[in-house]
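Below, all heavy atoms of this structure are taken into account, side chains as well, without hydrogens, waters or symmetry copies.
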Amino acid sequence: MKIDVDDSNWIRPMPNAIISCRSKDGHDNALAIGFISNVATDPLMIMVAIRPSRYSHEIIKETKNFVVNLPTKDFKREFDYLGSVSGYDEDKLTSINTTDADVINAPILTDCPINYECSLIDVYSPGSHDLFIGKVEKVHCDDKYLTKEKSVNWEKIDLL
């Protein structure tokens, strides 16, 4: 028998991701999110949903750049930290390894095995979160997770 449930039960599984960005004045930030999806394959586009109250929301709207970093289960402590502290209050990336993205002006979290550099295409505001649609400009993947054909071998990655 089916039972009516609270409507806050979202579709599962929700992939965990860390969105990193850089403000116009050079301040790096990152935000843990659970609302993310593919949008298109040609060109490759990704959607991330961020509450307007978040510091990263302001940065991405201003700079029109962000990186989607996919963490492994070994990165759970850092993921939880990035999701519980605000960039308004502290510099969240001081103890997290980063490097500059190649195409856009944002940091890449190097301990995450896959990173998608994205340029902002559009923003939709359907409700509690704004949907940022990003065109993937470049994908980085740790070589140990690639097939011989240089495709991502998703079965080898223990994503969070």
Checklist entry - Where do G134 and C118 come nearest, in terms of heavy atoms and distance? => result CA-CB, 4.1 Å
Next on the checklist: One pair to check against side chain to side chain contact (heavy atoms under 4.5 Å, CB included): F35 and V48. What are the steps and the verdict?
Outcome noted: CA-CA 6 Å; F35 294 170; V48 298; over 6 Å; no
Checklist entry - I133 and Y116: same hydrophobic cluster, using ILVMFWY side-chain contacts below 4.5 Å? => result no
Item to check | Check against side chain to side chain donor-acceptor pair (under 3.5 Å), T72 and D158 | outcome: CA-CA 5 Å; T72 61; D158 196 15; over 6 Å; no
Next on the checklist: Please determine whether side chain to side chain donor-acceptor pair (under 3.5 Å) holds for the pair D130 and S125, giving the CA-CA distance in whole Å, both sets of side-chain angles, and the decisive distance to 0.1 Å.
Outcome noted: CA-CA 5 Å; D130 283 352; S125 302; 2.9 Å; yes
Item to check | Side chain to side chain, I96 and L82, heavy atoms closer than 4.5 Å | outcome: yes
Checklist entry - Taking atom types as modelled and ignoring hydrogens, do the side chains of T110 and N97 form a donor-acceptor contact shorter than 3.5 angstrom? => result no
Checklist entry - Any chain of hydrophobic side-chain contacts (each under 4.5 Å) joining M47 to I33? => result no
Checklist entry - Take atom OH in Y124; do more than 12 heavy atoms of anything else shown fall under 6.0 Å from it? => result no
Item to check | Nearest non-hydrogen partners of Y88 and S53, listed with the distance | outcome: CE1-O, 3.3 Å
Item to check | Stepwise side chain to side chain contact (heavy atoms under 4.5 Å, CB included) test for K64 and S119 | outcome: CA-CA 6 Å; K64 305 198 180 330; S119 58; over 6 Å; no
Next on the checklist: Does any part of the side chain of K24, heavy atoms only, come nearer than 4.5 Å to the side chain of E62, both counted from C-beta?
Outcome noted: yes
Next on the checklist: Rounded to the nearest 0.5 Å, what separates atom CG in D142 from atom CD1 in I157?
Outcome noted: 8.0 Å
Next on the checklist: Has N65 got a side-chain atom pairing as donor or acceptor with T63's backbone, closer than 3.5 angstrom?
Outcome noted: yes
Checklist entry - Which atom pair, heavy atoms only, marks the closest approach of D91 to Y81? => result O-OH, 4.1 Å
Next on the checklist: Count I, L, V, M, F, W, Y as connected when their side-chain heavy atoms are under 4.5 Å apart, and connections chain through other members. Are V67 and L70 then in the same cluster?
Outcome noted: no
Next on the checklist: Donor-acceptor pair, distance only, cut-off 3.5 Å: does the side chain of N153 make one with the backbone of Y145?
Outcome noted: no
Item to check | Which atom of F79 lies closest to which atom of A17, heavy atoms considered | outcome: CE1-O, 3.3 Å
Checklist entry - Is any side-chain heavy atom of V123 less than 4.5 Å from a side-chain heavy atom of L131? => result no
Next on the checklist: Students often mix this up, so state it plainly: with edges at 30° and 60°, are the rings of H57 and F132 parallel, tilted or perpendicular?
Outcome noted: perpendicular
Checklist entry - Shortest non-hydrogen contact from C112 to P71? => result SG-CA, 3.8 Å
Item to check | Lys/Arg N to Asp/Glu carboxylate O, R22 vs D100, below 4.0 Å | outcome: yes
Checklist entry - How far apart are the C-alpha atoms of I59 and F66, what are their side-chain angles, what is the distance that settles it, and do they pass the side chain to side chain contact (heavy atoms under 4.5 Å, CB included) test? => result CA-CA 9 Å; I59 293 172; F66 61 94; over 6 Å; no
Checklist entry - If you look at every heavy atom in I108 and A101, which pair is closest and at what distance? => result CD1-CA, 3.6 Å
Checklist entry - With no hydrogens and no angle check, is any side-chain donor or acceptor of S20 less than 3.5 Å from a backbone partner on A30? => result no
Checklist entry - For the atom pair NE2 (H27) and SG (C21), what is the distance rounded to the nearest 0.5 Å? => result 9.5 Å
Checklist entry - Do S151 and E149 meet the criterion of a side-chain donor-acceptor pair at a distance under 3.5 Å? => result no
Checklist entry - Checking E117 side chain against I104 main chain: does a donor-acceptor pair fall under 3.5 Å? => result yes
Item to check | Electrostatic pair E137-K135, nearest N-O below 4.0 angstrom | outcome: yes
Checklist entry - Should I19 and L120 be regarded as members of a common hydrophobic cluster, given that ILVMFWY residues are connected when their side-chain heavy atoms come within less than 4.5 Å of each other, either directly or indirectly? => result yes
Checklist entry - So do I18 and L160 actually touch side chain to side chain, heavy atoms under 4.5 Å? => result no
Checklist entry - What do the steps show when you test D28 against K92 for salt bridge (Lys or Arg N to Asp or Glu O under 4.0 Å), and what is the final call? => result CA-CA 8 Å; D28 291 346; K92 296 178 0 177; over 6 Å; no
Checklist entry - With hydrophobic residues grouped by side-chain heavy-atom distances under 4.5 Å, do I121 and I50 end up in a single group? => result no
Item to check | Derivation and outcome, side chain to side chain contact (heavy atoms under 4.5 Å, CB included), residues D89 and Y55 | outcome: CA-CA 9 Å; D89 300 326; Y55 182 56; over 6 Å; no
Item to check | N115 CG to L109 CG distance, which is reported to the nearest 0.5 Å | outcome: 7.5 Å
